[in-house]
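Have a look at the structure below before the remarks.
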Amino acid sequence: MNKDRVLTGIRPTGFLHLGNYFGATRNFLAMQAAYECFVFVADWHSLTTHPDTSELRNSVRRVVAENIACGLNPDQVTLYVQSDVPEIAELYLYLNMMAYKGELEKTTTFKDKVRQHPDNVNAGLLTYPVLQAADILIHRAEKVPVGKDQEQHLEMARNFAQRFNYRYGQGETILPEPQAFNYSGGELVKILSLDGNGKMSKSENAMNTIYLADDDDLLRKKIMKAKTDQGPAEPNSPKPDYIENLFTLMRLVSSPDTVARFEADYAASSAGQVVIRYGDMKKQLAEDMVRFLQPIREKTNAMLADEQYLATVMRQGAEKARASASATLQAVRKAIGVKYY
Ligand code: ADP
Ligand code: TRP
């Protein structure tokens, strides 16, 4: 039986944090067996906003290592770096002829980035969604697990595929239209920043974001500083979102017994009788988080120290990705008619 193809790209612009792990990575791990998965590091995309490449090599190796340490199996999925697959750049060139200046200028992410970097509005930034469409269509991937912010890009990828098929397909679907995909069935967890202000993110203050790379002491320090209050005013009060966030994290890394104990303490607490001790809760959460993250961090560091291993993984991934990409590109060239002998 042919498995559906799922594809996702990760920009190498920062360390993985708990929000990325529980909101995206973990979900992808669950898909490895059920789908034919492609996961790649979008290094070309990062050049649109990060022209300084002094940290690029470290960042790319880190993304690969962290994903494997989290459980991505490079023998099962096709794990590669975008710039190792030149076929993507050629498809990007053809797709650029299907993309109109007006629609590119209207893209929300483009407008945001123009606002953020008014001094670097380059053509690569404008055509970012075209490159993303090439990433997806080069493997004829049907499913792309994306967050809300990427839905517009996916819709554009569908439009480019449709226009390509209409113009050159002669009734055939050369490039299938990819769909947004939510594997967990609508139950994606969202992790808030530890100060309760918005989602945990790499653009937040680093003390409010837990990185998979944080050492044990830093993890403890960050969790102990997480926002709490003096406790609920009434028994069975609804939880403020920063408290709910601590429970969410606890549900993800602690035992069900531990969670149940603190839930019960919370429900029984009121202004006159505060049973729940947030200090104890955070201490417990910190220890459980340390236990959870330690093996991931140690595996990541071991891989980063091993030049050979990561080089082999990237080389193998590139070979697999290029085989799939060149098959699509041949069909594309034939359909367009850029094939003369
Ligand atoms: P960041 O916000 O740190 O820049 P990205 O926007 O690169 O992260 O997101 C990469 C993936 O991680 C996306 O699938 C996104 O939905 C997920 N993600 C990021 N932050 C969170 C969070 N706080 N909670 C849940 N999922 C998140
Ligand atoms: N644009 C995506 C992001 O900002 C990264 C990305 C590049 C991607 N190419 C892709 C995601 C293809 C899915 C499919 O997160």
Side-chain angles (χ1 to χ4, degrees), residues 5-29 31 37-50 59 63 66-67 70 78 80-83 85 88-89 91-92 95 107-110 112-113 116 124-125 127-158 160-161 178-184 187-206 208-212 241-242 244-245 248-249 252 321 325:
R5 290 185 170 190
V6 178
L7 175 140
T8 193
I10 310 164
R11 274 175 308 151
T13 50
F15 288 56
L16 272 191
H17 55 71
L18 280 187
N20 300 140
Y21 179 80
F22 288 113
T25 313
R26 191 183 59 154
N27 201 35
F28 209 89
L29 300 178
M31 295 184 223
C37 291
F38 292 79
V39 183
F40 72 95
V41 186
D43 58 338
W44 281 335
H45 274 114
S46 72
L47 292 177
T48 62
T49 48
H50 293 65
S59 309
V63 174
E66 284 190 313
N67 275 278
C70 288
T78 302
Y80 60 100
V81 181
Q82 189 180 33
S83 59
V85 184
I88 298 168
L91 182 60
Y92 166 62
L95 294 178
T107 313
T108 312
T109 50
F110 175 68
D112 286 348
K113 283 173 186 165
Q116 288 160 13
L125 202 56
T127 56
Y128 184 113
V130 188
L131 182 56
Q132 183 161 346
D135 292 331
I136 301 166
L137 300 176
I138 198 74
H139 298 299
R140 296 167 153 136
E142 291 102 344
K143 293 184 161 64
V144 183
V146 288
K148 269 245 157 305
D149 62 325
Q150 297 291 312
E151 276 172 8
Q152 193 179 23
H153 290 175
L154 208 59
E155 190 187 331
M156 295 171 84
R158 283 196 290 278
F160 304 148
Q179 304 300 327
F181 181 50
N182 182 356
Y183 182 68
S184 69
E187 289 174 73
L188 285 180
V189 273
K190 185 167 151 191
I191 309 293
L192 298 189
S193 171
L194 293 177
D195 65 359
N197 274 331
K199 63 170 203 157
M200 188 175 281
S201 132
K202 57 177 165 270
S203 43
E204 269 286 321
N205 176 341
N208 296 323
T209 300
I210 295 181
Y211 289 99
L212 303 191
D241 55 5
Y242 47 91
E244 184 61 53
N245 194 43
T248 300
L249 291 174
L252 293 167

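Keep in mind that what you see is a predicted model, and the values were worked out from it rather than measured. In each ligand, atom 1 is the first atom listed, and ligand 1 is the first ligand listed. FYI, side chains are in, hydrogens and waters are out, and symmetry mates aren't considered; it's all heavy atoms of this structure.
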Open item on the list: Under a 4.0 angstrom heavy-atom cut-off, which atoms of ligand 2 come close to Y128?
Closed with: 1 (N), 2 (C), 3 (C), 4 (O), 5 (C)

TODO: Among L154, T8, L91, I88, find the one that has a side-chain contact (heavy atoms from CB on, under 4.5 Å) with I136.
DONE: L154

- [ ] Establish, yes or no, whether a centroid distance under 6.0 Å links the rings of F22 and H17.
- [x] no

- [ ] Specify whether Y211 and F15 have parallel, tilted or perpendicular ring planes, treating 30° as the upper limit for parallel and 60° as the lower limit for perpendicular.
- [x] perpendicular

Open item on the list: Tell me the nearest of Q150, H45, Q82 to atom 15 (O) of ligand 2, using heavy-atom distances.
Closed with: Q150

Open item on the list: Run the side-chain contact (heavy atoms from CB on, under 4.5 Å) test on D135 and H45 for me, step by step, so that the C-alpha distance in whole Å, both residues' side-chain angles and the decisive distance to 0.1 Å come before the verdict.
Closed with: CA-CA 10 Å; D135 292 331; H45 274 114; 2.9 Å; yes

TODO: Would you tell me which option among N245, T209, I191 has the nearest heavy-atom contact to atom 23 (N) of ligand 1?
DONE: I191

Open item on the list: With heavy-atom distances below 4.0 Å as the criterion, list the atoms of ligand 1 near G23.
Closed with: 25 (C), 26 (N)

Less than 3.5 Å apart, which donor and acceptor atoms pair up between the side chains of residues 141-149 and the rest of the protein, not counting sequence neighbours?
| residue | atom | partner | partner atom | Å |
| --- | --- | --- | --- | --- |
| E142 | OE1 | R5 | N | 2.8 |
| K143 | NZ | D4 | OD2 | 2.4 |
| K148 | NZ | E151 | OE1 | 3.4 |

- [ ] Classify the contact between F40 and ligand 2 as side chain, backbone, both or neither, using a heavy-atom distance cut-off of under 4.0 Å.
- [x] side chain

Open item on the list: Test your reading of the structure: does L192 have an N or O sitting under 3.5 Å from an N or O of ligand 1?
Closed with: no

Open item on the list: Yes or no: does V189 have any heavy atom under 4.0 Å from an atom of ligand 1?
Closed with: yes

Open item on the list: Given G14, A24, S203, S201, identify the one with the heavy atom nearest to atom 13 (C) of ligand 1.
Closed with: A24

Open item on the list: Below 4.0 Å, non-hydrogen atoms only: which portion of D149 touches ligand 2? Side chain, backbone, both or neither.
Closed with: neither

TODO: For K148 and ligand 1, answer yes if some heavy atom of the residue is under 4.0 Å from a ligand atom, otherwise no.
DONE: no

- [ ] Using distance alone, with no hydrogens and no angle criterion, decide if D43 and S83 have a side-chain donor and acceptor under 3.5 Å apart.
- [x] yes

Task: H139 and Y80: CA distance, side-chain angles, deciding distance, ring-ring contact (aromatic ring centres under 6.0 Å, His included) verdict - done: CA-CA 13 Å; H139 298 299; Y80 60 100; 5.5 Å; yes

Open item on the list: Counting only nitrogen or oxygen atoms and a 3.5 angstrom limit, does D135 reach ligand 2?
Closed with: yes

Open item on the list: Counting only nitrogen or oxygen atoms and a 3.5 angstrom limit, does N20 reach ligand 1?
Closed with: yes

